[in-house]
> 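I have a structure here, written as structure tokens, and I will follow up with some questions on it.
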Amino acid sequence: MLGGAQVIKFRNKEYQCSMELTLDLIGGKWKSLLLWYLSNNKIMRFSELNRINPKLTQKMLTQQLREMERDGLITRKVYAQVPPKVEYSLTPLGVKLTPILGSLCEWGKEYLKSENQVNEAASQEHALHNCKNYLINTTEKLEDEG
């Protein structure tokens, strides 16, 4: 126990607090980003999610999506067609994370400003623009490629 609080037991794991559980559910390098893209695009196909970041491998994307589906944050809809079509969207529980993710995005922008790192980040267009505008531009590019 930590500070008199009871240990949270969930899926054979023990957590000291609900924050630890939350970070386990949305933590890591990709989950928060995937949730953010889904929150702004509503429905995305696997191929669209796969093109978001070249560093995100297909294997890692599949793993992250499966974990978030298992945790009830996203839904996966498979269409019976050839070639296969799979779409992902947020569940109502996942939608509740949207304001939190938006706050994290805004915090990141403020951090860059406060640390006087804006000039270093100038080459990274998304670091200087509103996160939502970046997502809109990304969506438009995906639609043009699709």
> If you compare all heavy atoms of L65 against all heavy atoms of I74, which two are closest, and at what distance to 0.1 Å?
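The pair with the smallest heavy-atom distance is O-CD1, 3.5 Å.
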
> Name the atoms and distances for all side-chain donor-acceptor pairs under 3.5 Å in residues 21-31, with sequence neighbours left out.
unit_1 : atom_1 : unit_2 : atom_2 : d
T22    : OG1    : S18    : O      : 2.9
D24    : OD2    : K13    : NZ     : 3.1
D24    : OD2    : Y15    : OH     : 2.4
K31    : NZ     : E67    : OE1    : 2.7

> Sequence neighbours excluded, which residues qualify as side chain to side chain donor-acceptor pair (under 3.5 Å) partners of T62?
none

> Test of understanding: with salt bridge (charged side-chain N to carboxylate O under 4.0 Å, His left out), list the residues that count as partners of R11, not counting sequence neighbours.
D71

> Using side chain to side chain donor-acceptor pair (under 3.5 Å) as the criterion, list what pairs up with T75, not counting sequence neighbours.
S89

> Is there a side-chain contact between L33 and L56 (heavy atoms, below 4.5 Å)?
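No, every pair of side-chain atoms sits at 4.5 Å or beyond.
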
> Determine, using the 4.5 Å side-chain heavy-atom cutoff (strictly less than), whether I43 and L35 are members of one ILVMFWY cluster.
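In one cluster with I43: L35, no.
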
> Answer whether the closest heavy-atom distance between the side chains of F46 and R76 falls below 4.5 Å.
no

> Mind listing the closest non-hydrogen atom pair of T98 and S39 along with its distance?
OG1-CB, 3.3 Å

> Quick check for you: to the nearest 0.5 Å, what is the distance between Q63 atom CD and M68 atom CE?
10.5 Å

> Can you list every salt bridge (Lys or Arg N to Asp or Glu O under 4.0 Å) pair that touches residues 37-46, not counting sequence neighbours?
none

> Scan V95, L97, L90 and name whichever one has a side-chain contact (heavy atoms from CB on, under 4.5 Å) with L38.
L90

> Who are the side-chain contact (heavy atoms from CB on, under 4.5 Å) partners of L104, not counting sequence neighbours?
L101

> List the residues meeting side-chain contact (heavy atoms from CB on, under 4.5 Å) with Q81, not counting sequence neighbours, and say none if there are none.
Y79, K85

> Whether E69 and R66 form a salt bridge (side-chain N of Lys/Arg under 4.0 Å from carboxylate O of Asp/Glu) is what I want to check.
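Answer for the salt bridge query: no.
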
> Check the hydrophobic clustering (I, L, V, M, F, W, Y; side-chain heavy atoms under 4.5 Å; chains of links allowed) and say if V78 and L61 are grouped together.
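In one cluster with V78: L61, yes.
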
> Can you name the side-chain contact (heavy atoms from CB on, under 4.5 Å) partners of V82, sequence neighbours left out?
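Checked V82 against side-chain contact (heavy atoms from CB on, under 4.5 Å); zero matches.
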
> Just how far is it from atom CD of E87 to atom CG of L49, taken to the nearest 0.5 Å?
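Nearest 0.5 Å value for the CD-CG distance: 10.5 Å.
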
> Evaluate M44 against I52 for side chain to side chain contact (heavy atoms under 4.5 Å, CB included), listing each step before the verdict.
CA-CA 11 Å; M44 293 184 77; I52 286 173; 4.1 Å; yes

